[in-house]
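Just below is one structure, and these are the notes that go with it.
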Amino acid sequence: MRKRSLFVGACLAALLIFSSAASAEDAAANAVDPDASLPPWLRNAEKDADAIVLPNVTDAAVVPEPAMEKIDSNKEARVAFTNLVIYPDTRVGGQRQQVGIKNMGQNAIDLKGWRVTNKPGNDTGFVFGEEKKCSSKKTILPAKGTIEYLSADSSKFMACTLNFSIAKGDTLSLFDSEGTLKANLKLDFGSSGEYKLAPNGVNYWHIPYSKDRTLMETLDKMGHFKHFTAMLRHFQYDRALAGLGRKRWQSCGATAYYPYYACTTQYDTEYDIYYRNGPFTVLAPTDSAIEKMLQEVGGSYAPALKLEEFMELDEGNMAKQMLQYHVIKGHELTPTYRAPNMTLPYNHLPTHRNNSEIVSFSDTFDRLFIHEDCVEAHTQDEYGCKMQVEWDKCGEDWMNDEGLFSQRDLGYCEVSCGKCECTPDTCHDVPVKNIKAKNGVLYALDHVLDVPKVFPIYVPPPPEPEPEPEPEEPASILNRFPSYEEVGLTRESEDTTQTIEDLIELYLAAEDKTETESGVERKAEAGRAEALFLMDLVNSTCDE
């Protein structure tokens, strides 16, 4: 009985000790550090002085699966034909006759049961989702997405194609699953190459073959960017897009077709632009987009600014920064492009505006969105956003300060930490995409991008000046190299050879002087000795 009591007592004691330890651990875990929400450079330095933080390298960022989009009904769906090729251009590798369908709405649509035909009254045509050979082709078309189908001319090469071909004069018609006409287009395009739906959603642009032209030549050839090219030429930024150097006559053309260039990157401080840094990606606003921007800058109750007036605002800096922000350097952005070593669900590429990036989202439905409110606020320390990501600091409170110190709602390093999300309020679709030129690619915008605020990268303070050495006591001339005055020279010559010759001449003169003085002294001593000898001889003679 006593043994049992002792056993029960020991168990209760152990339980109490364990509970106390657990309570202590919970209290420590739930303790709130008052400095936890502050950036490291604002925390108590003394408290963190002895702490050693080991970097925690994380795996590659996991791209989140896209949320299921709302699907519009047939009545709400808005579609249009685009990316049309009637006569393929043989210079474009792999271009074939095709028909593209674009979802113009803000929600997804389901094309299952929809029918496209090339002749009025044709009740057969091609029905989406019913062809077994097209079972791998998705019928859900996301917002602003485009799906392309090759015509029957490519049935020998591709399993899933339309069951008809197209020609000039045909009328394309698209019916929903209930038989309602949703899109109708007469094909009166006679040129070879591709026709894309214009940014206004009404007209069609012919996209010429441009791989034998520079970006500047392509902008001029298309004719929809007169205001943009006028601004480029006004500030002489056109030379960068034309493959030229500092002077217009100093050509730096391609040694081979795009994107290989013979010249290296050069930054022109006079014009604040990079040259020969191909390939470029030009996000060019159309004439109507720039005219709308001029009206907004002028104000609601004032006439629109003239282009010349806009280019003079703030001594031209407003227009310069707008142009620089619309040109990506060193990358050719396409809907399927992924920057090297990129683990984020989007690209962020540098522009000609220093410390500014373009954040873009893309997918396989020929969609490209530009995010207009995702800006990198750099941490104000010597590590920067790259190291904060590697150390897994993106989730810490001080990195997500809601703008307290970072001045951004998403905190520091929102681009590098993968915080950018594409929503209808923050992302805008690029309507005309992937116009390839010799030294890059061209995109057409239906609006002018807002130039974001630049957050400076941390620059360490200059080192404290070293204390001046205390003056030394004057040393003897025997322990240091003598000055000119001390050795009797009156002229300081920069000619080292002349100086050495002067010193040698002075040394030899001193030696001669020493020898002369020694000789005189020896003669004087001999004379004195001889005189003393004679005097002693005379004295001794007289005594005798």
Side-chain angles (χ1 to χ4, degrees), residues 27-64 314 317-318 321-322 324-325 339 341-361 370-423 425-427 449-464:
N30 296 326
V32 178
D33 185 356
D35 291 345
S37 60
L38 295 178
W41 53 89
L42 295 179
R43 295 177 185 173
N44 187 343
E46 296 180 358
K47 184 175 70 173
D48 293 342
D50 298 331
I52 301 177
V53 180
L54 298 177
N56 180 19
V57 181
T58 59
D59 297 333
V62 178
V63 179
D314 191 21
N317 291 325
M318 182 180 294
Q321 293 196 33
M322 188 272 283
Q324 293 169 358
Y325 187 63
N341 302 321
M342 183 63 64
T343 58
L344 299 172
Y346 48 78
N347 288 306
H348 55 101
L349 306 177
T351 68
H352 275 282
R353 183 174 181 253
N354 288 334
N355 298 333
S356 293
E357 294 180 316
I358 290 290
V359 177
S360 66
F361 292 78
I370 303 297
H371 200 299
E372 298 197 46
D373 190 27
C374 193
V375 183
E376 194 86 301
H378 303 279
T379 57
Q380 294 304 297
D381 56 23
E382 64 271 26
Y383 304 111
C385 291
K386 180 180 180 181
M387 296 306 300
Q388 304 299 343
V389 173
E390 291 187 8
W391 292 343
D392 198 18
K393 300 292 185 180
C394 292
E396 294 197 356
D397 293 340
W398 68 270
M399 289 281 286
N400 301 274
D401 64 354
E402 299 180 354
L404 181 60
F405 297 103
S406 64
Q407 303 180 38
R408 293 290 300 171
D409 292 340
L410 296 178
Y412 291 103
C413 307
E414 58 187 284
V415 177
S416 299
C417 289
K419 302 177 185 178
C420 306
E421 294 183 359
C422 193
T423 66
D425 295 331
T426 59
C427 285
L449 299 176
D450 292 331
V451 179
K453 176 182 177 181
V454 173
F455 290 87
I457 298 176
Y458 173 77
V459 177
E464 297 182 359

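Heavy atoms only: backbone and side chains are in, while hydrogens, waters and symmetry mates are out.
Here CD of E421 is found 8.0 Å from NE2 of H371. Values are rounded to the nearest 0.5 Å. We find the CE-NZ distance between M399 and K393 to be 9.5 Å, quoted to the nearest 0.5 Å. To the nearest 0.5 Å, atom CD of residue E414 and atom SG of residue C385 are 9.5 Å apart. Residue D409 holds its CG atom at 11.5 Å from CG of N400, rounded to the nearest 0.5 Å. Going from atom SG of C422 over to atom CD1 of I370 covers 9.5 Å, rounded to the nearest 0.5 Å. Rounding to the nearest 0.5 Å gives a distance of 5.5 Å between CG of L404 and CG of D401.
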Could you walk me through whether C427 and F361 pass side chain to side chain contact (heavy atoms under 4.5 Å, CB included), step by step? CA-CA 9 Å; C427 285; F361 292 78; 4.1 Å; yes
From CA spacing to verdict: side chain to side chain contact (heavy atoms under 4.5 Å, CB included), Q380, F405: CA-CA 10 Å; Q380 294 304 297; F405 297 103; over 6 Å; no
Using side chain to side chain contact (heavy atoms under 4.5 Å, CB included), reason through S416 and Q388 one step at a time and then give a plain yes or no. CA-CA 9 Å; S416 299; Q388 304 299 343; over 6 Å; no
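Side-chain atoms of K419 come within 3.5 Å of backbone atoms of Y412 as a donor-acceptor pair (strictly under, hydrogens ignored). Using modelled atom types, no side-chain atom of S356 and backbone atom of T351 make a donor-acceptor pair closer than 3.5 Å.
Counted within 6.0 Å of OH on Y383, heavy atoms from surrounding residues, nucleotides or ligands total 12 or fewer; the atom is thus considered open. When the shell of 6.0 Å around CG of N355 is examined, it contains more than 12 heavy atoms from other residues, nucleotides or ligands.
Take Q407 and apply the side-chain hydrogen bond (donor to acceptor under 3.5 Å, both in side chains) test, not counting sequence neighbours, and it matches K453. For E372, the side-chain hydrogen bond (donor to acceptor under 3.5 Å, both in side chains) partners are H428, H447, not counting sequence neighbours.
Between C394 and C417 the SG-SG gap is short of 2.5 angstrom.
Checking T426 against D373 by side-chain atom types alone, no donor-acceptor pair falls below 3.5 Å. Between the side chains of D381 and T379, at least one donor N or O sits under 3.5 Å from an acceptor N or O.
Within the 4.5 Å cutoff, no side-chain heavy atoms of D450 are placed close to those of Y325. Within the 4.5 Å cutoff, side-chain heavy atoms of E376 are placed close to those of C413. Between Q324 and V451, every side-chain heavy-atom pair lies at or beyond the 4.5 Å cut-off.
Across L349 and A339, no two heavy atoms sit closer than the pair CD2-CB, 4.0 Å. Across every non-hydrogen atom of R408 and A377, the tightest pair is CG-CB, 3.8 Å.
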